[in-house]
Amino acid sequence: MLTPEFFARDTLTVAHDLIGAEIIAGTGPDAVAGRIVEAEAYLGQADPASHAGRGWTPRSAIMFGPPAVAYVYMIYGMHHCLNFVTEPEGTPGAVLIRALVPVSGREIMARRRGLDPAACRDQDIASGPGRLCQALGIDLSWNGVPLGSSAPRLAVRSVSGNGVRVERTPRIGIRKAVDLPYRFVAAGSPCLTD
DNA sequence: ATATGGATGCAA
DNA sequence: TGCATCCATATT
């Protein structure tokens with residue numbers, strides 16, 4: 001399992017290193033897992049696209065807190081986005097998880113998405129930050145959940161020798177700082193959002 | 001192209 | 001208190 005030390009590093013490095021890792025979400029029969037194929041770094045003061053880009057607010061406060069916790073927010077009134085807080089406490093930063101390949105619990109995830117598990121493709125299940133949260137069953141109540149505690153609701157597992165080549169591109173869907181190359185993807189994955 | 005619709009932050 | 005904005009998605 002990835003520890004707080006992993007997340008307490010430079011946000012761009014963490015985002016890069018998360019590609020190919022697996023997220024395990026939920027407990028018991030509702031637990032599901034997926035491999036990260038797309039993630040974006042959101043920095044602090046120097047990043048206008050970040051919720052922490054204009055300093056501390058009640059919402060961005062969590063990005064200034066200790067690393068290795070979930071930052072979940074709602075966007076457009078109907079979708080949730082899952083981030084992991086990075087950097088040492090006091091320094092804001094987070095990584096938005098944008099796409100997963102289903103690893104286990106594919107049927108549960110497909111059903112949560114309103115899809116036919118037998119007919120849908122992997123890229124229909126968790127490609128896109130909103131779809132991903134729906135597939136994992138994540139909503140606002142997950143905001144602040146620590147990663148990888150005992151009996152975790154949420155954990156991240158590194159996969160050694162995953163053979164993933166990581167590519168770096170500009171971020172998707174933002175209106176500010178559109179040129180900064182803070183998006184990381186698993187090269188050639190069919191489950192990317194772009 | 002367009003409808004969807006809650007939380008947030010800032011101006012007033 | 002009002003309102004523009006928002007790291008999206010499904011549907012036409």
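Chain naming here is simple, since letters A, B, ... match the order of the sequence lines and numbering starts at 1 in each. Source: prediction; values computed, not measured.
Residue contacts shown for A:R59 are limited to sugar-phosphate atoms, with no base heavy atom under 4.0 Å away.
Rounding to the nearest 0.5 Å places NE2 of A:H80 at 10.0 Å from CD1 of A:I138. Atom CG of A:D47 and atom CD1 of A:I174 lie 7.0 Å apart (nearest 0.5 Å). A distance of 11.5 Å separates SG of A:C133 from CZ of A:R112, quoted to the nearest 0.5 Å.
Listed by residue number, the members of residues 136-145 of chain A with any heavy atom below 4.0 angstrom from DNA chain C form an empty set.
Remark: A:R9 fails to qualify as a cation-pi partner of A:F7 under the 6.0 Å distance and 45° angle criteria applied to the six-membered ring.
Side-chain contact check for A:Y42 versus A:T11: every heavy-atom pair is 4.5 Å or farther apart.
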Item to check | Under 4.0 Å protein heavy-atom contacts per nucleotide of nucleotides 7-12 of chain C, with B for base, S for backbone only and - for none | outcome: BBSS--
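For the pair A:I62 CD1 and B:dA7 P, the interatomic distance rounds to 17 Å; values are reported in whole Å.
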Next on the checklist: One pair to check against side-chain contact (heavy atoms from CB on, under 4.5 Å): A:L100 and A:I23. What are the steps and the verdict?
Outcome noted: CA-CA 8 Å; A:L100 300 179; A:I23 295 178; 3.9 Å; yes
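Distance check on atom C1': B:dG5 versus C:dC3 gives 14 Å, rounded to whole Å.
Inspection of the A:D10 and A:T13 side chains reveals an N or O donor paired with an N or O acceptor under 3.5 Å.
The pair A:R131-A:D124 does not meet the salt-bridge criterion, since no charged nitrogen lies less than 4.0 angstrom from a carboxylate oxygen.
Across every strand in view, C:dA8 sits in a pair with B:dT4 that passes the Watson-Crick or G-U test at under 3.5 angstrom.
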